[in-house]
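For reference, the structure discussed in these notes is given below.
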Amino acid sequence: MPATSLDQVVSLAKRRGFIFPSSEIYGGLQGVFDYGPLGVELKNNIQADWWRTNVYERDDMEGIDASILMNRLVWKYSGHEETFNDPLVDCRKCHSRWRADHINGKCPNCGSTDLTEPRPFNMMFKTSVGPVADPDSFAYLRPETAQGIFANYLNVQQTMARKLPFGIAQQGKAFRNEINPRNFIFRVREFEQMEIEFFVMPGTDEEWHERWLEARLQWWESIGIPRSKIQVYDVPKEDLAHYSKRTFDLMYNYPTLGYEEIEGIANRTDYDLGSHSRDQETLGLTAKVHPNNDSIVRMTYFDPELKRHIVPFVIEPSAGVGRCVLAVLCEAYDEQKVKEPAADKLEAVGQALQSFLKSVGRNEKLSEEQKSALSERGEAIAANLSENLAQIESLLAMSGADQIEVAKKLRGQAQPLVDENFRTVLHIKPKIAPIKAAVFPLKRNNADLVNTAKSIRKQLQLTGMRTVYDDTGAIGKLYRRQDEIGTPNCITVDFQTLEDQTVTVRDRDSMQQVRVAIPELEAYLREQMK
RNA sequence: GCGGGAGUAACUCAGUUGGUAGAGUGUCUGCCUUCCAAGCAGAUUGUCGCGGGUUCGAGUCCCGUCUCCCGCUCCA
């Protein structure tokens, strides 16, 4: 069963080298994270799979990689400069928040003059450009990658001789100065996007919008996020972004966070190309755009059949890489029972759990919501304690649980049992797993086993599969280690290997082993990765 | 930004009325070990978040500050 608490995933990500807080040695920087050795593999694999699916396996797509710094006018006409820039103040008395330029040093709500300094609520980061740091020579770090595509629309369409419909795909960093970054890598200030701008004939946009929704759901399923875990949210008109006619948000049910957006699929109409175009009045635009006297080109498409210039509509599927990595980890996470816990110890945990639940009922500091959430969860665990033992940790991570005195006792009794009888395993789809195979000698004090294992690992690596060698523990410990990072196959060199050149290959999910001849290993592993 | 909680070894946590910092796990070395976190012996790590104060003496008491978590707020 997938992660029941975000903490489980955060802790695993840190412990095993997936994700670290940025510049941690100096106390970190809020809303910024680094990918470690395994995280970067997972992330790269996901991005490569997205690229393969959307660029290589379609015949209506091109890729680009635009710069992060762009001419400021891009952000003026995209609408971001206007909608991303507000100086805000907080009222210290009633805690309301106002735009500084809308009030006169006085809180409109309670009349207090005890206000914080105005802070620019500037979603866009600025950096100075050129040798002189005067106030006018700055550029924004892009808050979305999309504009790099729109700005290159004509370059791509003309150099690649594309006809509608076609799309441009891009992956890259974007930056937003979030007021309150939180929830691990879910809301961050520096993040990576995977975006497509798909250009279509006006009038066919709604049909393409639906088609892209379907295509994107298929992709999510292919990397291990089943449709049943995604809710398609048809964003209400009043909540739509300034550029959108209609948007589907794909919402994944994250543990702890609940349903949150992993991808937005927006119908951006002719807003963007229209906004960046000259001679707007001659284009018959449907979107409301700001008059543009700076652009030097018409962002149009000449239709050879209609024999006239039109402004394409745009469908934009846009996903965040970090949120995707997080969803994959949450969905793949599992704490699985591999042995039956000792009956007496299990009973002790059961009693501790019951006294925990009684304390919850009696505690006066907890809200009714917290009480019922804790009780409900606790009862569910108690109903089948031996299977659910590993979930006690996430019960104790729930809101309010830290108020209960016996929580520590419960954890103290449950944790050793979980360590002894459960394994943590990431059921990551093999094609995106950070490590494809690990190679072990059955015994590390036997030179023949060690050398054979090392040479197998090297041969496999030369085929392009990320593989590792490990002998720093007994075989069972080595298996568990790989389970925890989602390695789909473990190859063990044993004494029979030295006689007949076969090895055992152990499957991560079933823990079953098969014997495979060394020369057939690569083909066997490739088959597993499909 | 406001309110509440928490910061002690790589991790999970003990640490009594203030008296020289502990356990388990992990990691490393050696022995042993023929497939699922085995055993034995040894080694390893701390400015007790940071800065001040009280005290003969502070992990412990006081003040300030930073970071993280939860709730509110905000939100691409």
Side-chain angles (χ1 to χ4, degrees), chain A residues 6-7 10-12 14-17 21 24 26-31 80 83-84 86 88-98 115-117 119 121 123-124 143-144 146 174-184 186-189 191 193 239 241-242 249 256 260-261 264 266 318 320 323 338-339 365-367 369-370 393 396-403 408-409 411-412 414-416 418-425 440-446 449 472-484 490-498 503-506 508 511-513:
Chain A
L6 199 59
D7 290 346
V10 173
S11 156
L12 177 71
K14 171 84 194 291
R15 185 159 36 92
R16 300 312 308 267
E24 204 178 5
Y26 291 112
L29 180 63
Q30 231 191 342
H80 287 84
T83 54
F84 277 49
D86 301 318
L88 294 187
V89 297
D90 289 303
C91 172
R92 289 204 175 92
K93 198 171 168 203
C94 70
H95 310 318
S96 55
R97 174 169 285 163
W98 305 90
L115 304 175
T116 60
E117 288 300 302
R119 267 177 295 271
F121 170 53
M123 297 293 293
M124 289 195 287
E144 63 173 25
F175 303 83
R176 289 180 198 175
N177 199 1
E178 297 288 345
I179 303 170
N180 194 358
R182 244 198 226 185
N183 295 328
F184 197 43
F186 187 79
R187 175 161 292 121
V188 286
R189 294 196 164 117
F191 59 101
Q193 293 185 304
D239 293 341
H242 60 278
D249 281 348
T256 308
E260 291 285 356
E261 182 183 344
S318 169
R323 291 178 177 191
V338 288
K339 268 192 293 187
K365 286 184 185 171
L366 298 181
S367 72
E369 282 163 15
Q370 287 174 317
E393 188 55 39
L396 296 177
M398 284 172 68
S399 170
D402 53 342
Q403 302 280 339
K408 282 187 176 174
K409 187 185 169 194
R411 174 181 284 126
Q415 206 54 56
V418 173
D419 288 347
E420 198 183 332
N421 300 296
F422 284 67
R423 65 167 185 155
T424 302
V425 51
F440 313 136
L442 184 58
K443 291 177 62 172
R444 68 172 148 166
N445 59 2
N446 180 307
L449 296 182
T472 60
I475 193 77
K477 180 188 271 187
L478 300 182
Y479 285 148
R480 290 289 196 277
R481 232 183 236 164
Q482 297 299 324
D483 286 344
E484 212 175 15
C490 290
I491 295 158
T492 300
V493 173
D494 59 14
F495 292 95
Q496 193 181 328
T497 309
L498 302 179
V503 292
T504 67
V505 180
R506 177 249 194 201
R508 173 193 68 197
M511 295 170 49
Q512 298 298 306
Q513 289 178 308

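Order of the sequence lines fixes the chain letters, A, B, ..., with proteins taken first and strands second; residue numbering starts at 1 for each chain.
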Contacts of A/Gln193 meeting side chain to side chain contact (heavy atoms under 4.5 Å, CB included) (sequence neighbours excluded), chain-then-number -> A/Glu144, A/Thr145, A/Ala174, A/Arg176, A/Phe191, A/Glu195, A/Ser318

When the C1' atoms of B/G22 and B/U60 are compared, how many Å lie between them, rounded to an integer?
15 Å

Look at all strands and tell whether A/Arg508 reaches a base, only sugar-phosphate, or nothing, counting heavy atoms closer than 4.0 Å.
nothing

Sugar-phosphate, base or nothing in reach of A/Gln496, heavy atoms under 4.0 Å:
nothing

Going by side chain to side chain contact (heavy atoms under 4.5 Å, CB included), name the residues that satisfy it together with A/Asn421, two or more places apart in sequence or in a different chain.
A/Lys339, A/Pro341, A/Leu417

Writing each nucleotide of RNA chain B 5' to 3' as (, ), [, ], | or . by Watson-Crick or G-U pairing under 3.5 Å yields (((((((..((((.....[..))))((((((.......))))))....(((((..]....))))))))))))....

Whole-Å P distance, B/A21 and B/U47:
14 Å

With C1' as the reference atom in both, quote the distance from B/A37 to B/U33 in angstrom, rounded to an integer.
15 Å

How would you label the contact of A/Glu144 with the nucleic acid (heavy atoms, under 4.0 Å): base, sugar-phosphate, or nothing?
nothing

What's the spacing between A/Thr472 OG1 and A/Phe440 CZ if we round to 0.5 Å?
9.0 Å

Considering only side-chain heavy atoms of A/Glu484, which listed nucleotide, B/U33, B/A37, B/C35, is closest?
B/A37

On RNA chain B, check which nucleotide each of A/Glu261 and A/Ile475 is closest to and give me the residue with the more 5' one.
A/Ile475

Taking B/C32, B/U34, B/C35 as options, the one with an atom nearest any side-chain atom of A/Asn445 is B/C32

Collect all protein-nucleotide pairs involving nucleotides 7-10 of chain B in which both atoms are nitrogen or oxygen and the distance is under 3.5 Å.
none

Between B/C35, B/A38, B/C36, which nucleotide has the shortest distance from any of its atoms to the side chain of A/Ala474?
B/A38

Between the protein and nucleotides 42-50 of chain B, list the N/O to N/O atom pairs that are separated by less than 3.5 angstrom.
none

Quick check: any donor-acceptor pair below 3.5 Å linking the side-chain of A/Arg15 to the base of B/C11?
no

Is the cationic atom of A/Arg323 (NZ for Lys, CZ for Arg) positioned less than 6.0 Å from the six-membered ring centroid of A/Phe186 and within 45 degrees of its normal?
yes

A/Leu442 CG - B/U34 P separation (whole Å):
8 Å

Rounding to the closest angstrom, what is the interatomic distance between B/U67 and B/G51 at atom C1'?
15 Å

Nucleotide N/O of nucleotides 27-30 of chain B paired with protein N/O under 3.5 Å:
residue	atom	partner	partner atom	Å
B/U27	OP1	A/Arg481	NH2	2.4
B/U27	OP2	A/Lys477	NZ	3.3

If I take atom CZ in residue A/Phe440 and atom P in nucleotide B/A37, what distance separates them, rounded to the nearest angstrom?
13 Å

Any N or O donor-acceptor pair under 3.5 Å from the base of B/C36 to the side chain of A/Arg423?
no

When you compare B/G1 with B/G19, how far apart are their P atoms, in angstrom units rounded to a whole number?
37 Å

